[in-house]
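Model, not experiment: these values are computed from the prediction.
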Amino acid sequence: MSGRALFVGRFQPFHRGHLATVKRILETNDEIIVGIGSAQYSHTGENPFTAGERYEMIKRALDAEGIHDYHIVPIPDTHVHSVWVSHVTSLVPRFDAVYTNSDLVVRLFREHGLKVRHRMLKGGDWESLVPSVVAEYIKEIDGVERIRETHKYSTPYGTRENHED
């Protein structure tokens, strides 16, 4: 093994697919930087959890698995693709490799995250899709209720005010 790898995602919430990816990355790298993307967003349908809550989910999940060679760094969006790489490298420790997935895998991870939130919203079994410590934390912060509340006010462009239910 050698070096430090960067793995960026929104982790809304951190699910078993994310955990499996971290483990796979650590098979060939000494350390991993988990970059919490879209860090400035929370309390929306797309980004229900704060960066701090996502940090806590990731930390609890990795610690529970006995994984300790990690760094977690919030990364706010720039919305300017031409400066994004410089932005990220200014925020995170030095890294030797960036892990990204194919478009298909990216889409599958995104949909998996949506599946977790959809199950939370509809009262289905979401706990089997996340590490048990993440499920416990989501319950501690009343995350399911937050998803239900923020869903009422979500639009594709953010949050609408004065929604009548």
Side-chain angles (χ1 to χ4, degrees), residues 5-27 31-77 79 88 91-93 99-101 104-165:
L6 173 63
F7 175 41
V8 179
R10 286 184 306 115
F11 310 114
Q12 292 275 16
F14 187 81
H15 55 66
R16 292 185 188 279
H18 295 132
L19 181 59
T21 300
V22 167
K23 289 178 177 180
R24 189 180 79 241
I25 290 169
L26 286 172
E27 289 174 3
E31 296 177 75
I32 186 168
I33 303 163
V34 181
I36 300 173
S38 302
Q40 74 269 40
Y41 299 119
S42 69
H43 294 82
T44 68
E46 177 138 338
N47 294 292
F49 302 110
T50 68
E53 290 165 341
R54 292 179 274 162
Y55 182 104
E56 192 68 32
M57 290 176 204
I58 295 163
K59 181 179 182 343
R60 288 184 186 200
L62 298 183
D63 288 352
E65 292 291 317
I67 297 169
H68 302 293
D69 298 325
Y70 67 85
H71 309 272
I72 305 170
V73 180
I75 303 173
D77 288 340
H79 302 288
V88 170
L91 296 173
V92 303
Y99 280 76
T100 186
N101 297 305
L104 174 59
V105 174
V106 169
R107 181 174 181 81
L108 293 175
F109 272 97
R110 184 178 300 124
E111 288 176 357
H112 188 78
L114 290 173
K115 182 178 182 181
V116 174
R117 292 194 305 270
H118 179 77
R119 287 185 182 187
M120 289 174 166
L121 180 66
K122 299 298 183 187
D125 170 32
W126 58 272
E127 293 179 51
S128 65
L129 301 177
V130 301
S132 61
V133 293
V134 171
E136 291 169 16
Y137 182 69
I138 289 171
K139 290 175 187 175
E140 283 178 32
I141 63 171
D142 202 19
V144 173
E145 184 58 27
R146 181 180 311 163
I147 286 173
R148 291 180 181 147
E149 288 173 1
T150 58
H151 180 78
K152 294 178 195 175
Y153 306 103
S154 295
T155 72
Y157 308 104
T159 304
R160 68 178 167 264
E161 298 294 327
N162 302 323
H163 175 78
E164 294 181 20
D165 205 13

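- Residues Ala61 and Val134 approach most closely at CB-CG2, 3.9 Å, considering heavy atoms.
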| said: Working note: Ile32 + Asp69, criterion side chain to side chain contact (heavy atoms under 4.5 Å, CB included); need CA distance, chi angles, decisive distance, verdict. | reply: CA-CA 6 Å; Ile32 186 168; Asp69 298 325; over 6 Å; no
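- Annotation: the span from Ile72 atom CD1 to Phe7 atom CZ amounts to 12.0 Å, rounded to 0.5 Å.
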| task | Take Ile141 and Thr50, measure what side chain to side chain contact (heavy atoms under 4.5 Å, CB included) needs, and give me the verdict at the end. | result | CA-CA 11 Å; Ile141 63 171; Thr50 68; over 6 Å; no
| query | Should Lys23 and Glu27 be marked as a salt bridge (Lys or Arg N to Asp or Glu O under 4.0 Å) after you check the CA-CA gap, both sets of side-chain angles, and the distance that decides it? | reply | CA-CA 6 Å; Lys23 289 178 177 180; Glu27 289 174 3; over 6 Å; no
| query | Ile75 and Ile36: side chain to side chain contact (heavy atoms under 4.5 Å, CB included), yes or no, with the steps? | reply | CA-CA 5 Å; Ile75 303 173; Ile36 300 173; over 6 Å; no
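- Atom CD1 of Ile33 and atom CG of Leu91 lie 11.0 Å apart (nearest 0.5 Å).
- Contact between Arg10 and Ser38 at its shortest, heavy atoms only, is CD-OG, 3.5 Å.
- In this structure, the side chains of Val92 and His71 stay at 4.5 Å or more apart for every pair of heavy atoms.
- The backbone N or O of His15 lies less than 3.5 Å from a partner atom in the side chain of His18, making a donor-acceptor pair.
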| Between Glu145 and Lys139, is a salt bridge (Lys or Arg N to Asp or Glu O under 4.0 Å) present by the stated rule, with each step listed? | CA-CA 9 Å; Glu145 184 58 27; Lys139 290 175 187 175; over 6 Å; no
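- With Arg146 contributing its side chain and Ile138 its backbone, the two residues share no donor-acceptor pair below 3.5 Å.
- A donor-acceptor pair under 3.5 Å is absent between the side-chain atoms of Arg16 and the main chain of Leu129, judged by distance alone.
- For the pair Val73 and Pro93, the tightest heavy-atom approach, listed with the atom from each and the gap, is CG2-CD, 4.0 Å.
- With a 4.5 Å cut-off on side-chain heavy atoms, Asn47 and Thr44 count as touching.
- Taking each heavy atom of Phe49 and Pro13 in turn, the nearest pair found is CE1-CB, 4.1 Å.
- At least one side-chain heavy atom of Ser128 sits less than 4.5 Å from a side-chain heavy atom of Arg119.
- For Glu140 and Arg60, the salt-bridge test passes: some basic side-chain N is under 4.0 Å from an acidic carboxylate O.
- What you find for Ala39 and Arg54 is that their closest heavy atoms are CA-NH2, 3.6 Å.
- Nearest heavy atoms, His79 versus Gln40: NE2-NE2, 4.2 Å.
- Between Leu19 and Val130 the shortest side-chain heavy-atom distance does not fall below 4.5 Å.
- Here the side chains of Tyr55 and Val34 are not in contact, with every heavy-atom distance at 4.5 Å or above.
- To the nearest 0.5 Å, atom NE2 of residue His43 and atom CD of residue Glu149 are 8.5 Å apart.
- Of the possible donor and acceptor atoms, none in the side chain of Glu56 sits under 3.5 Å from a partner among the backbone N and O of Tyr137.
- Taking OH of Tyr70 as the reference point, atom CD1 of Ile25 lies at 15.0 Å (rounded to 0.5 Å).
- No donor-acceptor distance shorter than 3.5 angstrom exists from the side chain of Glu65 to the backbone of Leu62, with no hydrogens or angles considered.
- One distance of note links CD of Gln12 with CD of Glu46; it measures 8.5 Å at 0.5 Å rounding.
- The CD atom of Glu136 lies 12.5 Å from the CE atom of Met57; values are rounded to the nearest 0.5 Å.
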